[in-house]
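Structure first, commentary second.
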Amino acid sequence: MSKGIALLAAGGTGGHVFPAEALAFKLKERGYAVHLVTDSRAERYAGKFPAEEIHVVPSATIGSKNPVAVARSLWTLWSGMRAAKKLIQRLKPVIVVGFGGYPTVPPLLAATRLGVPAMIHEQNAVMGRANKAMATRVQGIAGGFLPEGGGAFPDKTVTTGNPVRPAIIAAAEVSYTPSHPGEAFNLVVFGGSQGAQYFSKALPTAISLLDDALRLRLRITQQVRPEDMEMVGGCIAKLEMGADIAPFFTDMAERLAKAHLVICRSGASTVSEISVIGRPAVLVPYPHALDHDQAANAAALAATGGAKVIAQSELSPEKIAAILTAVMNDPEKLSHMAAAAKLAGKPDAANLLADMVEAIAAGRTIAELKRTRA
């Protein structure tokens, strides 16, 4: 017998959709039906999302100071809230859970106005704008990196960690196997659209600076924007080396499991996934991220010794080449980093988040939930 419908709302990026997907699997296991509210951008990420139905409601972000643009955004948000209200009245969910991003605002607003239990999950160490706007209205706040009992809403906040997809949990079963001199070295490079742009320019040059013996060991997986594919592909061909380049990899979990080193941005989902799998990383926080949340996420993993953090302004192809030269000749160091990263991982985050969802759906308070966890 179904326990009812859980309506999950997420912005249309992997960083928002992937944690929602992980929760969705857990809630389905526990007897809930799951529906997803998002925007059209999520189609590339939501292919494996276990939802009975995926709904798109109008939404917009208010990022412009132009009065006309602001008015247009407000009208879109109002239209989205009306559409979300109708959706909630039709589905009658027992809870609405937001995962950040502006598409979560209309369903969360509608839910709180209709008296439906609601909560949010914040992946980052710094709360995003959409979640911050909704924080006063919801019953609970789950945090990936938010400190429990701290921040602006200590009585509402529970640190669950960031839930990761089943594919990541499966990849975590693969032990880290170091690459010794003369053996193939799997390097995985990714970082979202803007991150991919930076790495697309820096990495081929860095590889060209390596000694021939090291360069021939490299097996590269690199996320590359569609408009950069020809440039990066040409560079890789000239270097005569093994590489898989694509705008998006559906099997990234498996590729991370095989990685000897990861070079990437430090979005919350990324940091959480490489921690759960336990892979050494060089983290390059996106310098234009709002509130510098990526730098805060990276610091959490660096503190355990699982990653090296380098600001983009301090990184150059020469420095990347120097890092690769050092670590490819020091497999023991990478093994230690992999172990440290895994210690920081929270593979049970999806279960903890599902416990919180069930508690709030049942009308229990955060104080009661914390007492049962103690």
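All values derive from a computational prediction rather than experimental measurement.
In Lys28, the NZ atom is crowded: over 12 heavy atoms of neighbouring residues, nucleotides or ligands sit closer than 6.0 Å. Within a 6.0 Å radius of CD in Glu227, more than 12 heavy atoms belonging to other residues, nucleotides or ligands are found. With a 6.0 Å radius and a threshold of 12 heavy atoms from other residues, nucleotides or ligands, Lys3 has its NZ atom above the threshold.
At a threshold of 4.5 Å between side-chain heavy atoms, the hydrophobic network of Ile, Leu, Val, Met, Phe, Trp and Tyr places Met337 and Leu343 in two separate groups. Following chains of ILVMFWY side-chain contacts shorter than 4.5 Å, one can reach Ile245 starting from Met241, so the two form part of one hydrophobic cluster. Connection of Val276 to Leu352 is not established within any shared hydrophobic cluster, with ILVMFWY side chains joined at heavy-atom distances below 4.5 Å, either directly or through further cluster members.
Using a cut-off of 4.0 Å between Lys/Arg side-chain N and Asp/Glu carboxylate O, Asp348 and Lys26 are scored as not salt-bridged. We find that Arg165 and Glu273 are joined by a salt bridge, their nearest charged nitrogen and carboxylate oxygen being less than 4.0 Å apart. Using a 4.0 Å cut-off between charged side-chain N and carboxylate O, Arg255 and Asp251 make a salt bridge.
By the 4.5 Å heavy-atom criterion applied to side chains, Asn162 and Ser269 are not counted as neighbours. Inter-residue side-chain proximity for Leu146 and Phe153 is flagged as unmet; no heavy-atom pair is nearer than 4.5 Å. By the 4.5 Å heavy-atom criterion applied to side chains, Arg129 and Tyr102 are not counted as neighbours. Looking at heavy atoms from C-beta onward, Arg113 lies in side-chain contact with Met81 at the 4.5 angstrom threshold. Residues Lys319 and Ile310 form a side-chain contact, since some pair of their non-hydrogen atoms from C-beta on lies under 4.5 Å apart. Val262 is listed as a side-chain neighbour of Leu256, based on a closest heavy-atom distance under 4.5 Å.
A centroid separation of less than 6.0 Å is found between the aromatic rings of Phe185 and His260.
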